[in-house]
Amino acid sequence: MSEIISQYGSIFLILACVFGFFMAWGVGANDVANAMGTSVGAKAITIKQAILIAMVFEFAGAYFAGGEVTSTIRSGIIDIEKAGFADSPELLVYGMLSSLLAAGIWLLVASHNGWPVSTTHSIIGAIVGFAVVGISRDAVVWSKVWEIVASWVVSPMVSGILAFFIFRSVQKLILDTENPFANAKKYVPFYIFLVGFAIAMVTMVKGLRHVGLDFSFGESVVMALGCGVLAMLLGVFMMRSIKDVPGADKDFHFTNVERLFGVLMIFTACSMAFAHGSNDVANAIGPLAAIVGVVQSGGVFVEESALPFWILLLGGAGIVTGLAMWGYKVIATIGRNITELTPSRGFAAELAAATTVVVASGTGIPVSTTHTLVGAVLGVGIARGIGALNLGVVGRIFLSWVVTLPVGAGISIVFFFLFKGIFG
Amino acid sequence: MSNPLGALFAQSPIRPIQEHMAKAQSCVVLLREFLEASFVKDWEKAYSLQQEIRRIENEADDIKANVRISLPKNIFLPVPRTDLLGLLSTQDKLANGAKDVAGLMLGRKMEIPSPLTDNFRIYFEECLSASEQALKAINELDELLETGFRGREVELVEGLVIELDRLEHKTDLSQIKLRSELFKLEESLPAVNVIFLYKIIDKVGELADISQKIGGRLLLLMAR
């Protein structure tokens, strides 16, 4: 039983909840907009619908599929034994508090100034930073860190390649045919099936263990197929009322076809919010879960403890608050910027990005949803699907990595020693 | 507020290029009214029409300048950037050509000799059909973008350009006919006027040539 923990336990808990909520608020205010902006920009959904979808599916994603990433951030990056947390568990508490605060503040400053930063990169930089400087180089599980860093390059590439092939299939099956409208009616339900199946499958296989459900692979396949079919039927029902209006095609011959893709994009918007929730909520609640684990056990670090439901709830509430207070403005801004994206392209990008992120979530790797989506959009662009893309963004993303990691680490180190000084 | 996703999307040049072509074609359509006014020596009306052509040509210039500014080298496009800019500058020549004809005729208060007016009308209408066909082809650019510059849509545009070539060839034949008729009248007209009449016939014919070149540029754009 650690003295410091028993003495200040409740203060640590309160601070952790406040900082965790603050971080989740930041995710809701900034990051969610990137996940939803494409759908709003393509005019498939309104901002109100986007917020509603985000609220439901971000939470669902965090709850059903967010467990693996949370446990990576909670206990995968730092080697608990080598860091000596068994003797002085308060160090872990200081570190995680500092990381939350550092990443939260850095995100606030950066988004205030319009710098493109990633929540994921901020929190990973902060955790690695306090561990290396505050404890020791050996405290970090470097193999895991390199795996995460590699995934930041691989995930946009994979989603780009996926998006390329999805969009090429759309061209082949629907757009470049004699009767695009009839073919869209025929094939769009299949894409909807794919959205439902892919998301459900990854979640069943990888995520549900954390909520106490454990299905065999066979059961998972059957249930995922069921989810896909259900989504497909819903989609067919929604598309039923869309008719091939001859007058609408006067200026642009694909107006009616794009309306069908608009239905598809409602589904991919949901999957995008789900994927984002499954990966990015962990950035806020991973450190929180670590602190709660240490404090509640009185200083003993329990490697594999179940995630208390209220922590997820806090994370979800933070995101929803951030979204309601600030996020809708960001969604509107992004939506205005993305005017050239039609639903047939937007869905390809979203389906590719959501699938990639959910697979990463299942494997417990924290990736950047925004970067993955950027990769997917570039993939559609390479398939000659988008009017004009600004490649300068790739350079800016690279720059933001170079800046975010050390800055996140630096702020976190400062707070770490501050907490150490205050609590002893 | 800026974020990578919002910044990723640059302004697409496709729609502005279509708008630019629509402006260029309006100049040619106005030139028809201008010619009719000049046939009946209504120079006041001709003047206001010439001003209108100038105004629209200026608007086209603004669009052109905007597209050029918004296409720096690091913008990723579905087709080569140089081809798009080349297409734009060819389109611009159409608006300029219409403006030149109106300006020259108004400045000299030029009259088309009455024995020539009927054939001149036919000749101009043929040139106008060529530029109209070019506009029709350019209007397929957004559909081309939708299909990723591939497949059926490319074939459709190729068909439009073949028709455009045929229309241009027709204007060549009419031009030869009109010139020979003018040649017969040469004796009865002041020499300077004759020189400028040849020039006007030439410049009107150029409108069809430019239209054909626009089609050629479009084919180049679609070629892989």
Side-chain angles (χ1 to χ4, degrees), chain A residues 30-31 33-35 37-38 41 111-118 167-168 171-172 175-178 180 251-254 257-258 329-330 333-342 344-345 368 370-371 373-374 377-378 381-397 400, chain B residues 1-19 21-22 66-81 83-85 87-88 135-157 160 221-224:
Chain A
N30 268 301
D31 266 30
N34 291 330
T38 11
S111 49
H112 182 76
N113 290 301
W115 303 328
V117 295
S118 150
F167 183 61
R168 287 291 282 129
Q171 286 179 330
K172 271 239 146 57
L175 297 175
D176 183 21
T177 57
E178 189 139 2
D251 276 344
F252 180 60
H253 306 330
F254 293 96
V257 177
E258 287 294 352
K329 283 188 206 155
V330 188
T333 314
I334 296 177
R336 267 199 302 279
N337 284 340
I338 311 178
T339 48
E340 303 291 348
L341 195 75
T342 52
S344 60
R345 285 102 232 273
S368 162
T370 309
H371 296 175
L373 199 52
V374 167
V377 171
L378 288 175
I382 290 168
R384 307 220 270 180
I386 296 170
L389 290 173
N390 191 353
L391 289 189
V393 168
V394 179
R396 280 178 40 172
I397 286 178
S400 86
Chain B
M1 202 59 220
S2 101
N3 63 56
L5 199 67
L8 180 60
F9 290 87
Q11 193 204 340
S12 165
I14 301 294
R15 205 163 293 267
I17 285 178
Q18 290 185 321
E19 280 167 23
M21 183 62 202
N66 254 327
V67 171
R68 284 180 176 171
I69 290 167
S70 65
L71 284 189
K73 281 225 171 87
N74 61 352
I75 295 289
F76 181 77
L77 300 159
V79 287
R81 171 173 168 273
D83 288 353
L84 272 182
L85 292 174
L87 174 66
L88 190 65
L135 173 67
K136 203 170 156 190
I138 291 295
N139 274 341
E140 292 297 318
L141 266 179
D142 48 356
E143 278 83 4
L144 276 171
L145 176 65
E146 177 79 11
T147 55
F149 294 86
R150 281 191 183 87
R152 281 155 201 273
E153 190 57 34
V154 170
E155 284 163 27
L156 188 134
V157 175
L160 292 176
L221 197 78
M222 297 184 305
R224 299 205 41 127

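In what follows, every chain begins at residue 1, and chains take the letters A, B, ... in the order their sequences are listed.
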Legend entry - Region of A:Glu258 in contact with chain B, defined by heavy-atom distances below 4.5 Å: side chain
Legend entry - B:Glu143 side chain to A:His253 backbone, donor-acceptor under 3.5 Å: yes
Legend entry - Heavy-atom neighbours of B:Arg15 CZ exceed 12 at 6.0 Å: no
Inset, instruction - Report the distance from atom NZ of B:Lys73 to atom CG of A:Leu391, rounding to the nearest 0.5 Å. - result: 14.0 Å
Inset, instruction - Starting at CD1 of A:Ile338, measure out to CG of B:Leu5 and round the result to the nearest 0.5 Å. - result: 4.5 Å
Legend entry - Inter-residue atom distance A:Thr342.OG1 - B:Leu145.CG, 0.5 Å rounding: 7.5 Å
Inset, instruction - Might you point out which heavy atoms bring B:Ser12 and A:Gly387 nearest each other, and give the distance in Å? - result: OG-CA, 3.6 Å
Inset, instruction - Could you point out which residue of A:Ile334, A:Val374, A:Thr370, A:Ile397 forms a side chain to side chain contact (heavy atoms under 4.5 Å, CB included) with B:Leu8? - result: A:Val374
Inset, instruction - Calculate, to the nearest 0.5 Å, the distance between atoms CZ and CD belonging to B:Arg150 and A:Gln171 respectively. - result: 5.0 Å
Legend entry - Donor-acceptor contact present, side-chain B:Arg152 to main-chain A:Leu175, <3.5 Å: no
Legend entry - Minimum-distance pair of heavy atoms, taken over all atoms of A:Ala388 and B:Ile75: CB-CG2, 3.8 Å
Legend entry - Gap separating the NZ atom of A:Lys172 from the OG1 atom of B:Thr147, nearest 0.5 angstrom: 12.0 Å
Legend entry - Pair A:Arg384-B:Val79, side-chain contact (heavy atoms from CB on, under 4.5 Å): steps then yes or no: CA-CA 8 Å; A:Arg384 307 220 270 180; B:Val79 287; 4.1 Å; yes
Legend entry - Sole residue of A:Val377, A:Asn337, A:Asn390 in side chain to side chain contact (heavy atoms under 4.5 Å, CB included) with B:Phe9: A:Val377
Inset, instruction - Could you please spell out the steps behind the side-chain contact (heavy atoms from CB on, under 4.5 Å) verdict for B:Phe76 and A:Ile386? - result: CA-CA 9 Å; B:Phe76 181 77; A:Ile386 296 170; over 6 Å; no
Legend entry - Heavy-atom proximity to chain B below 4.5 Å, by part of A:Arg336: neither
